[in-house]
S.K.: 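Sharing a structure with you now.
All residue numbers refer to positions in the sequence shown, counting from 1.
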Amino acid sequence: MIDTPTQTPKVKLPVASLHNIALSITLGIAGGWVFYSLSLPLPWMLGAMATTSVAAVLGLPMAMSKYLRHIMIAVIGVLLGSAFTPALTSQILQWTLSLTVLAIFLLMLAIIIPWCLQRAGYDRPTAFFSALPAGLTEMTTVGSENGGNPHIIALTHTVRILIVAFTIPFLMVLFAGYERPETLIVPAFEISTVDIAMLTACAVVGLWLGIRFRFPAGSLAGPLALSAVVHVSGLTASSPPDSLVAIAQVVLGTSVGSRFAGLTIATMKKTLTLAVAVTLGMLALSGTGAVLLAPVLEIHPMALMLALAPGGVTEMSLMALALNQDIAFVTTHHLVRIGLIVMIAPATFAAFQRLHGDKN
């Protein structure tokens, strides 16, 4: 057995002091600027991820305020909601087949990946909740409640988000001739005072609703839903300014990188290795499925790949934006993915336990 709950060293996270948060954001901005100067995709988010992840593993006290993170995710939610236009309402019904493919893909992952992780030495609850590509917080909490190792589950999902966030954009640079757009949203609209008030209301009220009622990915889903409503209804065509979105991406990237604080390659080597292997396996399955099914579903292969890829909903939606793919299509599929997993994962795990006689 490897990395069992009693064998895994507990990670002592640094206190999220203003000093540590300021240091993390400063390194995140520096990384984002370097990536931006190199014309790399999603520079502010990926650059911040890169620098803060390395700094955290090297022992620097990386930390991020969960409140600041929620606020900036709400900004991204409003941005993504602006992609839902009146013209899209007729297309949503056409996504039934691809959503069905997504559900089948999740079922395959729920069977194949936990089996592989158990063969590698994980106990059943740790293997099961490490394998499902949903929110880190949700899977760590539910997995822990069902007897899983929260440290392994959290690390596995952090590595998954990090690898997917880097792999897909750089594959596009190498093989698809990616060129960074001049602005994040094209065309860019002048933002009036009324538009600012409306978008701010979407962020504030949506954030409160998402957290208050514990929606899956609530910090993103609440603002996104309200933003989608006001954009589909034609009340506004505006979106948050590029500068604010860049700041939000820095905070988002920094928050992912800071999760590696307190870890060392030596103490978590086996968990890291398995997390990388699981993520690459998921990417291979989603990529193969996208290439084979895109012509049948009449969907662009890259859009379907982004919709099926096991990344975080915020990161994958931003990738769709950066790669000029259908943001609404990708975002909808990831919100459905997380919703399905959060709602059915505990019941599915309980059924697996009964099937195996409650033995690990």
S.K.: Tell me if the centroids of the rings in W44 and F35 come within less than 6.0 Å of each other.
M.R.: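 That pair fails the under 6.0 Å test.
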S.K.: Are Y67 and I25 connected in a single hydrophobic cluster, I mean Ile/Leu/Val/Met/Phe/Trp/Tyr linked by side-chain heavy atoms less than 4.5 Å apart?
M.R.: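 Different hydrophobic clusters.
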S.K.: Mind listing the closest non-hydrogen atom pair of M282 and A131 along with its distance?
M.R.: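 Looking at all heavy atoms of both residues, the closest pair is CE-O, 2.7 Å.
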S.K.: So, the side chain of S130 versus the backbone of A127: is there a donor-acceptor pair under 3.5 Å, distance only?
M.R.: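 Such a contact is absent between S130 side chain and A127 backbone.
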S.K.: Report yes or no: does R160 contribute a side-chain atom to a donor-acceptor pair with the main-chain N or O of P310 at less than 3.5 Å?
M.R.: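 Yes; judged by distance alone, with no hydrogens or angles, the pair exists.
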S.K.: Is the closest side-chain donor-acceptor distance between S219 and H70 under 3.5 Å?
M.R.: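 S219 vs H70: donor-acceptor pair found between side chains.
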S.K.: Is a side-chain donor-acceptor pair under 3.5 Å present for H333 with S98?
M.R.: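 Judged by distance alone, the side chains do pair up.
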S.K.: When you look at M305 and V291, which way does the side chain to side chain contact (heavy atoms under 4.5 Å, CB included) test go after all the steps?
M.R.: CA-CA 8 Å; M305 170 67 182; V291 170; over 6 Å; no
S.K.: Closer than 3.5 angstrom, by distance alone: can the side chain of H300 be matched with the main-chain N or O of A294 as a donor-acceptor pair?
M.R.: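 No; judged by distance alone, with no hydrogens or angles, the pair does not exist.
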S.K.: Checking T141 side chain against E138 main chain: does a donor-acceptor pair fall under 3.5 Å?
M.R.: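 Answer holds: no.
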S.K.: Tell me whether L220 is reachable from L340 by hopping between hydrophobic residues (I, L, V, M, F, W, Y) whose side-chain heavy atoms are closer than 4.5 Å.
M.R.: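 Yes, same cluster.
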S.K.: Is a side-chain donor-acceptor pair under 3.5 Å present for S82 with S239?
M.R.: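 No, no side-chain donor-acceptor contact under 3.5 Å.
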S.K.: Using modelled atom types and a 3.5 Å cut-off, is there a donor and acceptor pairing between side-chain atoms of S227 and backbone atoms of C202?
M.R.: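 Side chain of S227 to backbone of C202, a donor-acceptor pair under 3.5 Å: no, none is there.
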S.K.: Flag yes if F215 and F84 sit in one hydrophobic cluster, no otherwise; membership is Ile, Leu, Val, Met, Phe, Trp, Tyr, and two members link when side-chain heavy atoms are under 4.5 Å apart.
M.R.: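 They do not share one cluster, since no chain of ILVMFWY contacts under 4.5 Å joins F215 to F84.
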S.K.: Using modelled atom types only, decide if a donor and an acceptor are shared between the side chain of S317 and the backbone of T314 within a distance under 3.5 Å.
M.R.: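 Here the side-chain-to-backbone pair does not exist.
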S.K.: Could you measure the distance from the CZ atom of F166 to the CE atom of M49? Nearest 0.5 Å is fine.
M.R.: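 That separation rounds to 6.5 Å.
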S.K.: Check the angle between the aromatic planes of W95 and F329 and answer parallel, tilted or perpendicular using the 30° and 60° thresholds.
M.R.: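 Ring orientation of W95 relative to F329: perpendicular.
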S.K.: Where is the tightest heavy-atom contact between G253 and T52, given as atom of each residue plus distance?
M.R.: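 That would be O-OG1, 3.8 Å.
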S.K.: How far apart are the closest heavy atoms of P169 and P41, and which atoms are they?
M.R.: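 Smallest heavy-atom distance, with atoms named: CB-CG, 3.4 Å.
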S.K.: Using 0.5 Å steps for rounding, measure from the OG atom of S258 to the CE atom of M64.
M.R.: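 Going from the OG atom of S258 to the CE atom of M64 covers 6.0 Å.
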S.K.: Could you report the tightest heavy-atom contact between I341 and P346, atom names first, then the distance?
M.R.: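 Distance-wise, the nearest heavy atoms are O-CD, 4.3 Å.
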S.K.: Look at the side chain of T126 and the backbone N and O of Y122, then say whether any donor-acceptor pair between them is shorter than 3.5 Å.
M.R.: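 Side chain of T126 to backbone of Y122: no pair is present.
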S.K.: Hydrophobic cluster membership, with links at side-chain heavy-atom distances under 4.5 Å among I/L/V/M/F/W/Y: are L106 and L280 in one?
M.R.: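 The answer is yes; both residues are in one hydrophobic cluster.
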S.K.: Give a yes or no on whether M302 and L293 share a hydrophobic cluster (residues Ile, Leu, Val, Met, Phe, Trp, Tyr; joining criterion: side-chain heavy atoms under 4.5 Å apart).
M.R.: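 Yes; L293 is reachable from M302 via cluster members.
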S.K.: Looking only at heavy atoms, what is the nearest atom pair of P114 and L109, with distance?
M.R.: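 Shortest heavy-atom contact: CD-O, 3.0 Å.
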S.K.: Between T51 and L27 (side chain of the first, backbone of the second, donor and acceptor by atom type, cut-off under 3.5 Å), is there such a pair?
M.R.: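 Yes: the side chain of T51 pairs with the backbone of L27.
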S.K.: What is the minimum heavy-atom distance between S144 and I153, and which atoms define it?
M.R.: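 For S144 and I153, the tightest heavy-atom pair comes out as N-CD1, 4.5 Å.
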S.K.: For the residue pair D195 / T236, report whether a side-chain donor-acceptor contact shorter than 3.5 Å exists.
M.R.: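 D195 and T236 do have a side-chain donor-acceptor pair below 3.5 Å.
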